[in-house]
Every structure is written in C-alpha cells, then in structure tokens.
Amino acid sequence: MAQRRKASHVIVAIHVTDRVKQASRVQELLTRYGSSIKTRIGLHEASGTAAGPNGVILLELIGAERNCHAIIASLNAIAGVEAKSVVFEH
C-alpha cells in the first residue's frame, strides 16, 4: 500500500518596506498565485490618520510546494519586499 504524504501547513510572511511604491506589484503577484492562497492577513503601521510605510502580509498556502517557492522567489525579487516561509508538518 502506498504511503500518504503528510500534509503540511505553509505560512509565508511578507515584509513590505515601502507600501506606497510596491503595493501594486505585490498585489499583482498575489493575484497571479491566488489559487494557492487559502488565507491572507494584512497588517500595517498606523499612526493617527495616516498608514505607515511598512507592512506585513501573512499567507496560508495550499497546493503544490513548488508554488510556495515560486511565490517567495517572486516576492523577494521586488525591491523593498522580503518573504520567508514557515512550514509545519503534520
């Protein structure tokens, strides 16, 4: 009998240091990989009436592992954006 591969929980943390300048590029990329994104949470600095320039996006990914690597590589290719993953094996 073939052994089932254990499922994993993949979380990608994205740090954007210039939201105004990079938001459209990051959004375009996330839209391209939308079918691999189960959950998306956006956090940003807020001071009074204006949003700060930095932000963090958390993604919960589903699907092929190669998509995870492609998303991270594509995000890290954008100046002012850093992406890292955390994988929890079940």
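Here the structure is a predicted model, which is why all the values come from computation and not from measurement. Values reported hereafter were calculated over all heavy atoms of this structure, with side chains retained and with hydrogens, waters and symmetry mates removed.
- Side chain of N76 to backbone of A83: a donor-acceptor contact under 3.5 angstrom is found.
- Judged purely by atom type and a 3.5 angstrom limit, S36 has no side-chain atom pairing as donor or acceptor with the backbone of N67.
- Interatomic distance, NZ of K84 versus CD1 of I11, reported as 16.0 Å (0.5 Å rounding).
- If you take OG on S74 and CZ on R25, they are separated by 10.0 Å, rounding to the nearest 0.5 Å.
- For the residue pair Q27 / T31, a side-chain donor-acceptor distance below 3.5 Å is found, with atom types taken as modelled.
- Applying the side chain to side chain donor-acceptor pair (under 3.5 Å) criterion to T39, with sequence neighbours excluded, gives E60.
- Other residues sharing the hydrophobic cluster of I71, ordered by chain and number and joined by side-chain separations under 4.5 Å: V10, V12, I14, V16, V26, L29, L30, Y33, I37, I57, L59, L61, I72, L75, I78, V81, V87.
- If you take CG on N54 and CZ on R19, they are separated by 8.5 Å, rounding to the nearest 0.5 Å.
- Within the structure, the salt bridge (Lys or Arg N to Asp or Glu O under 4.0 Å) test picks out no pair touching residues 67-80 (sequence neighbours left out).
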